[in-house]
Structure formats: structure tokens, C-alpha cells
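A short write-up of the structure that comes next.
Sequence positions, counted from 1, serve as the residue numbers for this chain. Atoms within each ligand, like the ligands themselves, are counted from 1 in listed order.
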Amino acid sequence: MEIAIDLDKLWAIRSALPGTWGLVPTMGYLHEGHLSLIRRAKAECDHVAVSIFVNPTQFGPSEDLSKYPRDLERDLRLIEPLGVDVVWNPTPEIMYPSGYQTWVEVEALTKPLEGAIRPSHFRGVTTVVAKLFNAVQPHKAYFGQKDAQQAAVICRMTRDLSYPIKIVVCPIVRETDGLAMSSRNKYLEGADRQAALVLSRALTAAKALYDAGERDAEKLRARMKEVIAAEPRAQMQYVSCADYDTLAELETVTGKTLLSMAVMIGKTRLIDNFVLG
Ligand code: AMP
């Protein structure tokens with residue numbers, strides 16, 4: 001496994017190995033969710049690149065960029081047995097050289113949900129992912145359903161910019177008690193860890209209503225809000241029952257539907273989702 005920081009080294013490694021390449025973009029502090037993406041890439045591609053880059057442009061001014069957990073040595077130890085060809089760990093200066101002024105923006109899909117609460121977030125995500133695509137030139141790129149809107153936005157960007165890359169969206173990996181794995185779970189201490197189960201509990205409750213035949217989207221949203229309101233350590237940011245493709249809020253559930261939410265547990269912001277239909 002090679003480790004590249006600058007673009008020249010990355011490109012030397014990339015161009016020396018013919019065959020199909022899979023890319024797994026991450027911000028590091030890896031967990032089983034990330035590793036599931038890497039294993040899938042390894043199973044489907046001749047070569048795999050993993051990027052580890054805490055992308056400053058996707059964090060808002062009051063967000064946790066400086067506190068975001070980092071441990072490159074631990075990440076490399078976790079990746080090593082998986083047969084990855086190259087780990088790319090660029091610096092912010094390599095990704096955003098002095099005078100940087102070029103951005104990639106997806107319009108309508110980035111406006112609701114996460115975009116409504118984190119206004120410049122997706123501009124940072126799409127810009128960095130476009131740069132990763134240009135640098136690695138993968139045949140396939142792997143993203144998690146955990147960040148459902150991000151996956152939808154990347155699929156849109158890939159189509160709109162004619163990247164010859166297949167986007168593979170992989171299922172959410174959860175702890176045995178239902179908490180969706182996330183690097184930010186590290187922040188959950190004491191009673192917050194237990195309180196964080198409210199997200200999967202609210203989604204499960206809405207899904208139970210759906211399974212019992214409920215198709216009124218407002219009733220599904222109300223059920224999720226009710227479960228979250230019952231947890232004193234939880235502060236809801238949004239709950240959504242939206243069309244899977246457009247992310248527009250629904251009145252009636254008919255086709256593929258995304259139930260999603262963002263909830264503050266103490267100072268930690270968590271997101272989770274389920275797909276219906
Ligand atoms: P991050 O390092 O948080 O930017 O995540 C890198 C990639 O891993 C993204 O495509 C995420 O959606 C994905 N990911 C994060 N958590 C999970 C999880 N619990 N299950 C599956 N994929 C995940």
C-alpha cells in the first residue's frame with residue numbers, strides 16, 4: 001500500500017497500474033462504515049484508492065473543523081489489511097492553493113434538508129469530490145447511504161458534468177444497538193451515547209407506521225418528531241419524509257421515499273435515514 005500526499009506521486013501510482021480503479025473518499029477517523037465501502041470497492045475493481053482529507057470548505061464557520069477527529073496512523077492500520085493500492089492524504093494547501101477561486105455547485109438538490117441548515121456545505125462537498133475525481137480518475141466511486149443527500153447530490157453532479165464514473169451507494173452500517181456509525185460518534189459521552197439511539201428509534205417508529213399501511217407523510221413526520229421530543233437530551237433540527245429522487249417533501253407516500261433527520265444530542269450533530277419502498 002502506497003501513501004501519496006502530492007498530486008505527482010498520486011498520479012505516478014495511478015498511471016502505473018492499468019485496469020479498473022475504485023475511489024473511496026473519506027475524511028478519515030475510519031470506522032466499519034468506511035471499511036465496508038473499501039471492501040466493496042476492492043471486490044468490484046482491480047485497484048482501490050482511498051482518500052483521507054478533512055475538507056475545510058464543507059464546514060461552516062461555526063462547525064467542528066478544528067475539532068474533527070483525526071488519527072492517520074490508526075486509519076492506515078485499519079486500511080492496510082484490505083488490499084488498498086494507494087491512500088491519498090493531501091494537505092489543504094494542495095487541494096486549495098493560494099488564490100483558489102473555482103467551485104462546483106449543484107442547485108435545487110442542495111437546498112433542502114442538510115443544505116437548509118448548512119448553506120455552504122454541499123458547495124464544499126461537490127467541489128472537493130470533483131477534484132478527487134479529476135485527480136484519481138476512477139471508474140467507480142463509493143459513497144455511503146448514511147449521507148443520503150450527499151449521495152444524491154454526487155450522483156447528480158456526476159451526470160451533469162459527464163464524469164465517466166459509476167457511483168455506488170452502499171448501505172448504512174450500524175452499531176448492534178442501531179446507532180448509525182459516524183466519526184462524530186466519538187463525541188458522544190456518557191448519557192449522550194444512549195440518547196443518540198433516538199434517531200434510529202424515531203425512524204423505526206415511522207417505518208412501523210408505514211408498514212402498517214400509513215401513507216400520509218405528515219403523520220410519518222409527526223411520529224418521528226414525537227419520538228425525538230420524548231428524549232430530553234435531543235434537539236431536533238429537521239425531520240423529513242421526502243421523494244427519494246427530488247428530496248421534495250411529500251404529502252402522500254407513493255414511491256421510493258427517504259425518511260431522514262438531523263438531531264443535536266448535546267453538542268453533537270447526528271444524521272440518520274431509512275429508505276421506504
Ligand atoms: P466521511 O468520512 O464521514 O466523510 O464519510 C466517508 C464516506 O463514508 C461517505 O460516503 C459516507 O457516507 C460513508 N459513511 C459514513 N458513515 C457510514 C456508515 N455508517 N455506513 C456506511 N457508509 C458510511
Side-chain angles (χ1 to χ4, degrees), residues 22-44 48-60 63-65 67-72 74-76 78-79 82 84 87-90 92 95 106 110 113-114 118 121-133 136 138 140-158 165-188 193 196-197 199-200 203 258 260-263 268-275:
L23 168 66
V24 182
T26 83
M27 297 207 299
Y29 212 74
L30 303 182
H31 51 67
E32 202 43 50
H34 299 110
L35 303 185
S36 73
L37 269 51
I38 298 172
R39 287 193 198 99
R40 175 90 175 261
K42 185 66 194 165
E44 294 183 356
V48 174
V50 175
S51 60
I52 298 180
F53 179 60
V54 181
N55 175 34
T57 64
Q58 70 188 67
F59 288 77
E63 293 182 359
D64 58 348
L65 172 62
K67 285 196 306 162
Y68 195 84
R70 293 163 166 89
D71 191 341
L72 183 62
R74 176 178 167 277
D75 289 345
L76 295 176
L78 288 171
I79 300 173
L82 303 184
V84 165
V87 175
W88 187 30
N89 179 221
M95 293 305 263
V106 171
T110 63
L113 308 177
E114 290 298 290
R118 309 178 71 191
H121 171 67
F122 285 116
R123 178 175 103 138
V125 170
T126 43
T127 299
V128 83
V129 171
K131 290 167 66 67
L132 296 172
F133 283 2
V136 176
K140 293 186 171 188
Y142 295 81
F143 294 86
Q145 177 62 28
K146 164 79 182 1
D147 298 276
Q149 187 175 16
Q150 170 174 282
V153 167
I154 297 297
C155 287
R156 185 76 255 168
M157 177 192 84
T158 304
I165 299 172
K166 179 171 165 38
I167 305 300
V168 181
V169 182
C170 303
I172 301 179
V173 177
R174 296 176 180 279
E175 304 285 356
T176 46
D177 61 6
L179 180 66
M181 289 192 186
S182 163
S183 306
R184 290 189 169 96
N185 291 352
K186 174 186 158 60
Y187 303 143
L188 297 169
R193 173 61 183 78
L197 294 178
L199 287 89
S200 55
L203 291 164
L258 182 71
S260 66
M261 60 180 58
V263 178
T268 307
R269 184 174 191 277
L270 299 177
I271 58 171
D272 199 355
N273 69 84
F274 270 11
V275 179

Problem - Phe143-ligand 1 polar pair, N/O distance under 3.5 Å - result: no
Handout entry: Min N/O separation Thr26 to ligand 1 under 3.5 Å
Key = no
Practice task
Examine ligand 1 and decide if any of its atoms is less than 4.0 Å from a heavy atom belonging to Pro25.
Solution key: yes
Any atoms of ligand 1 less than 4.0 Å from a non-hydrogen atom of [X]? List them with their elements.
X	answer
Ile172	20 (N), 21 (C)
Lys146	16 (N), 17 (C), 18 (C), 23 (C)
Leu37	7 (C), 8 (O), 10 (O), 13 (C), 22 (N)
Met181	16 (N), 17 (C), 18 (C), 19 (N)
Pro171	20 (N), 21 (C)
Asp147	11 (C), 12 (O)

Judged by atom type as modelled, is there a donor-acceptor pair below 3.5 Å linking the side chain of [X] to the main-chain atoms of [Y]?
X	Y	result
Thr127	Gly124	no
Arg123	Thr57	no
Lys186	Pro69	no
Asp147	Gln150	no
Asn273	Leu258	no
Asn185	Ala180	yes
Ser183	Tyr29	yes

Problem - Of the listed options Glu175, His31, Met27, closest to atom 16 (N) of ligand 1 (non-hydrogen atoms) - result: His31
Exercise for the section: Only heavy atoms count here, so choose which of Ala148, Gly144, Ala180, Ser183 is nearest to atom 22 (N) of ligand 1. Expected result: Gly144
Handout entry: Lys NZ or Arg CZ of Lys67 over Tyr187 ring: under 6.0 Å, within 45°
Key = yes
Completion exercise
d(Phe133 CZ, Thr158 OG1) to nearest 0.5 Å is 4.5 Å
Exercise for the section: Considering heavy atoms of the protein only, find what lies nearest to atom 20 (N) of ligand 1 and give residue, atom and distance to 0.1 Å. Expected result: Val173 N, 2.8 Å
Completion exercise
min-distance protein heavy atom vs atom 1 (P) of ligand 1 -> His34 NE2, 3.6 Å
